[in-house]
Amino acid sequence: MIEKEKLTETLFEAPPIEQQERMVEAILFASMEPVTVKEIIGRLPHGSEPEIALKNLKKKYESRGVNLVKVGDCWALRTAADLGFLMQKESVEVRKLSRAAVETLAIIAYHQPVTRAEIEEIRGVSVSRGTIDLLMDLDWIKLGRRRMSPGRPVTFAVTQNFLDHFGLESARDLPGLKELKSAGLLDSRPPPGSPELSDEKDAENDEQQTELFNCEDVK
Amino acid sequence: MIEKEKLTETLFEAPPIEQQERMVEAILFASMEPVTVKEIIGRLPHGSEPEIALKNLKKKYESRGVNLVKVGDCWALRTAADLGFLMQKESVEVRKLSRAAVETLAIIAYHQPVTRAEIEEIRGVSVSRGTIDLLMDLDWIKLGRRRMSPGRPVTFAVTQNFLDHFGLESARDLPGLKELKSAGLLDSRPPPGSPELSDEKDAENDEQQTELFNCEDVK
Amino acid sequence: MVVNSSDSDENLSSGMAPNEFISTDELIVDLDGFEGPLDLLLTLSRTQKLDLMQISILQLAEQYLEFVEKARSLRIELAADYLVMAAWLAYLKSRLLLPPDPDESGPTGEELAAHLAFQLERLQAMRDVAAKLMARDQLGRDFFARGFEEKVEKIRRINYQASLLDLIQAYARIRTKDEFRPFVMDRNDVYTLEQALERMRGLIGYSIGWIDISTFLPDGWTSSANRIRAATASTFAATLELAKSGDLELRQSDSFGPIQLRSKGSDG
């Protein structure tokens, strides 16, 4: 069997790009959830280049009632936002989020990865367990890696599902991110008089921000 | 209300047909079930002609990975029938062939064409239907010609796929018993005086072996 | 960003026009609506109708302290963090108003004020982007996913494996299994004690006088050394057995000399 598969791999060339487009289209259409490029590759015949097919499809769907959007590492077909008014039937009642939840979500999105203590410092109040739980339940936030500071606190970051829900290609595309960053409002600036801790945090934070959403990288 | 609706009908023209197509496309995409024309009409702006939009869309999707299909009175977007195979996710489990299957396969390979009764005689146990089926499924054995003996029993022989899998050019490449012995693959010491089994077998199977694999031919 | 003291002085000297404030009463009624002291400060700062970067922190501190005072007079119990903030703002106020004490280390009043301004600005910025975020088109409200999932069929394929060696060994196993049998000694060259006894008993009656033991060896057991050895050993063992039972006598003239035997019943 293995032998046969190998033969298939070498004997048959990847399908023509038009055919690959059809295949990628079918895979994306069939799924409600965004599909990773890796999964697409796994389902296409060997040697296919879904990146090209995806690029072509994105263009083809640009003016249509359904658009091809990138969500993090994934791709998904979504109805065009201007046609939302037709969809009352499909629209789901989104629970109105409390001000605390909305603010906490925004802080996590713009400052990720961010610790609970940092969220509390920014908001000036403690973050209730319920708020974090709610955002976790919505699958909008997830635990990030632990911070390398005393106590090794957990951090929070936004999820792929968050990006999907708000129609963001990546966390770099968060509205106003660039302005906030250049205004220094995303810096972790500790209160004066606590220099030792702050230095360490600053250095680390810098690294993380560069990694997660370097605005300068966005073309 | 009625007054207002009438006004809307007369004051606003139906959107251009391309726009109607986008709308129908989005509705069909997002609907959980196939949608009736009536429902589409109910959701489109007044004066729209979904029949035309549907016809156009059907044509546009004809060669695509997704097709617009009519299901009774309803319309739905479905992945193209020829791409159904993409909707299967294969998981491959590697399993060792059972001893019974390996032995049966070996007998068929060495003695082909061989009847089931002969396989059973050589193995000393009956051959299960499942074993033969499995080897057939694997495309390692096939039916040979019927034996010209009472009952005209079917015979089994190995396939080209078998040869490919085991890296053999022909069944003649299978090592004979003498070679197995000299290679240390047979560690039984036949009692003194008993004739070499291979010789005996050779004589017995002469006709068949000349045709299919003469051990003496092996270089 | 940095709130300098001259700014503060100016604001202080110009006094606070009461109509510019949200009334403290109004704020106290809405106390439950505030998400902590920072939120309250942010709301107070808005009454200055200035860019957050230009607000007077000193003025803000005064407003806050006034708010706390009013709450106290109304016997409204404020949460601890509001009081902590009040204490800190009172301290900040004194640092901003009094000339800096050269002996005192730590951050200056201006530094502390600047940080508070930063915090307020940052919180406001977070609120602005939170609003922007929520105003975005949202999945399930403005744009929609595929209405139903087309089932992805899970196929479990079993890849059976067998190597050529497996095949050959299986064949070898079948073809050689008949050649195995339970272990038994090959007894072709063994002349048993029982056989010797039987033969001796039959012959001894006919013997007269001393006869060499070798003459009792059976026919056909003198062809090979193995057979002679086996027959001799058993015959000798048999004569010992018969001598013990008193049927015959044995004699040997010297070491390694010929062994002779005679029937006990015979005379001589």
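Keep in mind it's a predicted model, so treat the numbers as computed, not measured.
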Begin with the C-alpha distance, continue with both residues' side-chain angles, and end with the deciding distance and a verdict on side chain to side chain contact (heavy atoms under 4.5 Å, CB included) for C/Arg122 and A/Glu121.
CA-CA 10 Å; C/Arg122 185 173 59 181; A/Glu121 213 232 289; 3.2 Å; yes
If you count heavy-atom pairs within less than 4.5 Å of chain C, which of A/Met32, A/Glu33, A/Arg123 leads?
A/Met32
State whether the number of non-hydrogen atoms from other residues, nucleotides or ligands found under 6.0 Å of A/Glu179 atom CD is greater than 12.
yes
C/Arg127 side-chain N/O to A/Glu103 backbone N/O, donor-acceptor pair under 3.5 Å
no
Within a 6.0 Å radius of atom CG on C/Asp81, are there more than 12 heavy atoms belonging to other residues, nucleotides or ligands?
yes
Do C/Met126 and A/Leu186 make a side-chain contact, defined as non-hydrogen atoms from C-beta onward lying under 4.5 Å apart?
yes
Check whether any side-chain N or O of C/Arg146 sits under 3.5 Å from a backbone N or O of A/Phe29 as a donor-acceptor pair, and report yes or no.
yes
Are A/Arg99 and C/Asp39 side-chain neighbours, meaning at least one heavy-atom pair lies under 4.5 Å?
yes
Is any side-chain N of the basic residue among C/Asp142 and A/Arg78 closer than 4.0 Å to the acidic one's carboxylate O?
no
Measuring from atom CG of C/Leu38 to atom CD of A/Glu120, what distance do you get when rounded to the nearest 0.5 angstrom?
12.5 Å
Contacting moiety of C/Arg136, where chain A heavy atoms sit under 4.5 Å:
side chain
Minimum heavy-atom separation for A/Gly124 and C/Pro37, please, with both atom names.
O-CD, 4.2 Å
Specify which of C/Ala131, C/Gly36, C/Ala130 makes the most heavy-atom pairs with chain A at under 4.5 Å.
C/Ala130
Please rank A/Ala81, A/Ala76, A/Ala80 by heavy-atom pairs under 4.5 Å with chain C and give me the top one.
A/Ala81
Could you tell me which portion of A/Ile122 (side chain, backbone, both or neither) has an atom closer than 4.5 angstrom to a non-hydrogen atom of chain C?
both
Which heavy atom of A/Leu185 sits nearest to which heavy atom of C/Ala125, and what is that distance?
CD1-CB, 3.7 Å
Less than 4.5 Å to any heavy atom of chain C: does that hold for the side chain of A/Leu97, its backbone, both, or neither?
side chain
Those residues of residues 60-72 of chain A that come under 4.5 Å of chain C on a heavy-atom basis, listed by number, are none
Does any heavy atom of chain C fall under 4.5 Å from the side chain of A/Ile107, the backbone, both, or neither of them?
both
Side-chain donor or acceptor of A/Thr79 paired with backbone N/O of C/Phe143 under 3.5 Å
no
Mind checking whether A/Leu174 and C/Leu133 have side chains closer than 4.5 Å, heavy atoms only?
yes
Could you give the distance from CD (C/Glu35) to OG (A/Ser126), rounded to the nearest 0.5 Å?
9.5 Å
Who among A/Leu168, A/Leu77, A/Asp82, A/Leu105 has the most heavy-atom pairs with chain C under 4.5 Å?
A/Leu168
Look up atom CG in A/Leu177 and atom NZ in C/Lys132, then write down how far apart they are to the nearest 0.5 Å.
10.5 Å
